[in-house]
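Quantities reported herein were computed from a predicted structural model and do not represent experimental measurements. The figures that follow rest on heavy atoms only: side chains count, while hydrogens, waters and symmetry mates do not. Atoms within each ligand, like the ligands themselves, are counted from 1 in listed order.
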Amino acid sequence: MIIAMKPGADMDELHHFAKSLEKQGVKIHLSEGISQTVFGLVGDTSGIDEEGLLAHHLVDKVMRVQEPYKRANRLFHPHDTRLAVPGPDGAARYIGGGHLGIIAGPCSVETREQILGIAGAVKEAGAGFLRGGAFKPRTSPYSFQGLGCEGLDLLLDAKKETGLPIVTELMAIHQLEVFDGVDIIQVGARNMQNFTLLKELGHCRKPILLKRGLAATVTELLMAAEYIMAGGNEQIILCERGIRTFDNYTRNTLDLSAIPALKKQSHLPVIVDPSHATGLAWMVPAMAKAAIAAGADGLIIEVHNNPEAALCDGEQSITPAAFGSLMDILRKYAAVEGKAV
Ligand code: PEP
Ligand code: MN
């Protein structure tokens with residue numbers, strides 16, 4: 001980090017200020033120019049508050065050389081992280097580090113027949129994980145809110161029957177009490193910056209699927225991951241699920257460039273949700289292929305046995321048969337990328 005001090009600042013005051021900064025664990029290289037003095041901060045500056053510095057009467061400008069995230073940063077962890085998620089049989093399923101994690105299932109758990117039927121079909125097609133929402137973040141309070149604990153129980157039954165680890169969304173901290181059997185906890189787009197929730201998940205020892213916020217930058221997503229990692233939980237899967245743009249042809253705009261960007265900046269696995277990104281079932285296969293070609297470590301895809309009758313997100317849900325055909329193609333894409341499905 002570089003701090004340019006105000007022209008004509010008093011030298012004694014500057015030395016005093018430098019000492020106070022050094023107490024925060026960094027070394028200061030002070031360069032005295034003709035009109036301005038510049039501090040070069042060396043060491044871990046992730047804990048130094050840029051805005052706080054700018055409020056100081058001696059400071060003119062602050063420039064970060066290094067990103068404000070550390071644990072999520074590839075700089076300090078050059079190799080890709082491979083997450084191992086044990087299934088009910090004890091054997092690990094991998095995401096990242098050359099392994100594609102394919103998560104599939106309905107937007108919401110609706111009935112026993114629905115979730116068991118879809119779980120069996122996606123497993124048959126080759127999915128590695130089952131998704132299904134029990135607690136749903138809906139835009140309208142009058143829309144179906146999910147089955148709650150009953151939905152979780154049905155998901156657990158589907159896990160037992162198929163052997164697929166389960167992924168479901170956590171909306172509030174108190175729900176952790178009933179998440180014991182959940183294998184991957186999803187933090188939805190709307191909660192990406194719920195910092196209280198993120199901090200709490202830092203103490204949890206389960207992998208977290210962290211979805212990019214509707215209007216969050218790549219750096220903000222990485223800072224959200226950093227929140228969880230700072231608490232000690234380093235098992236994070238980043239998820240690009242489309243962002244808000246001016247175009248409304250699709251539900252969101254899939255930011256494919258976020259995949260190489262996130263992978264350049266971070267060692268964490270990056271997966272893509274083509275269902276929420278487009279909102280259109282017919283577009284899901286094209287975007288799923290594009291995501292793998294762009295370097296994604298996996299996908300989360302909404303699959304419903306009867307999309308027309310789905311209680312949530314039917315328009316973007318593909319059928320089990322379409323998922324099966326897509327998996328056949330994705331295996332070829334995975335092979336080109338040198339990844340295991
Ligand atoms: C979901 O996965 O069902 C969901 C609500 O996703 P998002 O948070 O990305 O909107
Ligand atoms: Mn959905």
Side-chain angles (χ1 to χ4, degrees), residues 101-110 114-115 118 122 127 129-141 143-148 151-152 154-155 166-172 175 179 182-194 197-198 201 207-216 218 220-221 224-225 228 236-245 250-256 258-259 262 270-281 283-284 287-288 291 296 298-319 323:
I102 308 290
I103 306 168
C107 179
S108 315
V109 180
E110 297 171 5
Q114 176 242 20
I115 191 66
I118 298 172
V122 298
F129 303 84
L130 174 68
R131 68 150 285 152
F135 300 95
K136 294 301 303 175
R138 303 303 303 276
T139 302
S140 165
S143 302
F144 175 59
Q145 302 286 308
L147 294 180
L152 272 186
L154 293 177
L155 261 184
I166 55 173
V167 183
T168 196
E169 178 164 353
L170 178 94
M171 296 221 301
Q175 289 163 356
F179 267 55
V182 173
D183 300 286
I184 300 180
I185 299 177
Q186 177 173 325
V187 173
R190 289 150 192 85
N191 267 321
M192 190 206 85
Q193 284 187 319
N194 180 339
L197 190 65
L198 300 181
L201 292 174
I208 309 294
L209 169 52
L210 179 63
K211 294 189 115 186
R212 181 178 183 181
L214 277 69
V218 162
E220 284 165 342
L221 173 57
I228 303 171
I236 317 281
I237 302 155
L238 303 169
C239 180
E240 161 59 36
R241 46 77 72 203
I243 49 171
R244 279 275 163 86
T245 66
T250 47
R251 182 176 180 182
N252 292 290
T253 297
L254 178 58
D255 180 9
L256 281 173
I259 306 163
L262 288 166
V270 177
I271 70 163
V272 167
D273 177 344
S275 313
H276 290 88
T278 61
L280 300 165
M283 235 187 235
V284 166
M287 294 297 101
L299 296 162
I300 178 165
I301 297 179
E302 286 188 344
V303 178
H304 200 285
N305 53 327
N306 185 2
E308 282 181 26
L311 295 182
C312 184
D313 289 349
E315 199 185 353
Q316 67 194 34
S317 300
I318 60 173
T319 60
F323 179 71

Open item on the list: Could you tell me, atom by atom, which parts of ligand 1 come under 4.0 Å of a heavy atom of Glu302?
Closed with: 3 (O)

Task: atom 4 (C) of ligand 1: the protein heavy-atom neighbour that sits closest, reported with distance to 0.1 Å - done: His276 NE2, 3.4 Å

Open item on the list: Quick check on side-chain contact (heavy atoms from CB on, under 4.5 Å): which of Met192, Arg241, His276 does Leu214 satisfy it with?
Closed with: Arg241

Open item on the list: If you define the side chain from C-beta out and look only at heavy atoms, does anything of Ile318 sit under 4.5 Å from Val303?
Closed with: yes

Open item on the list: Of all the N, O or S atoms in Glu302, which has the shortest distance to the Mn ion (ligand 2)?
Closed with: OE2

Open item on the list: So if I count the atoms of ligand 1 from 1 in the order they appear, which ones are less than 4.0 Å from some heavy atom of Arg241?
Closed with: 7 (P), 9 (O), 10 (O)

Task: From Met171, Lys211, Arg131 - option closest to atom 6 (O) of ligand 1 by heavy atom - done: Lys211

Task: Atoms of ligand 1, numbered as shown, that sit under 4.0 Å from any heavy atom of Cys107 - done: 3 (O)

TODO: Give the single entry among Lys136, Arg251, Glu240, Glu169 that approaches atom 3 (O) of ligand 1 most closely by any heavy atom.
DONE: Lys136

Open item on the list: Show the atoms of ligand 1 that are less than 4.0 angstrom away from any heavy atom in Arg190.
Closed with: 7 (P), 8 (O), 10 (O)

- [ ] Please determine if Asp273 has a nitrogen or oxygen closer than 3.5 Å to a nitrogen or oxygen of ligand 1.
- [x] no

TODO: Please examine the side chains of Leu170 and Leu201, heavy atoms only from C-beta on, and report whether any two atoms are closer than 4.5 Å.
DONE: yes

TODO: Could you tell me whether Gly188 and ligand 1 have an N or O pair separated by under 3.5 Å?
DONE: no

Open item on the list: Checking side chain to side chain donor-acceptor pair (under 3.5 Å) between Asp313 and each of His304, Arg251, Lys136, which is the one that passes?
Closed with: Arg251

Task: Salt-bridge criterion met for Arg131 and Glu169 (N-O under 4.0 Å) - done: no

Open item on the list: Check whether Gln193 reaches the backbone of Asn191 with its side chain - one donor and one acceptor, N or O, closer than 3.5 Å.
Closed with: no

Open item on the list: Can you tell me how far apart CD1 (Ile300) and CZ (Phe129) are? Round to the nearest 0.5 Å.
Closed with: 10.5 Å

Task: Minimum-distance pair of heavy atoms, taken over all atoms of Cys239 and Leu209 - done: CB-CD1, 3.6 Å

Task: Atom pair CD1/CG of Ile184 and Leu210 - distance to nearest 0.5 Å - done: 13.0 Å

Task: ligand 1 N/O within reach of Asp313 N/O, cut-off under 3.5 Å - done: no

- [ ] Give the name of the N/O/S atom in Asp313 that lies closest to the Mn ion (ligand 2).
- [x] OD2

TODO: Considering heavy atoms of the protein only, find what lies nearest to atom 8 (O) of ligand 1 and give residue, atom and distance to 0.1 Å.
DONE: Ala189 N, 2.7 Å

Task: Heteroatom test (N, O or S) for His276 near the Mn ion (ligand 2), limit 2.8 Å - done: yes

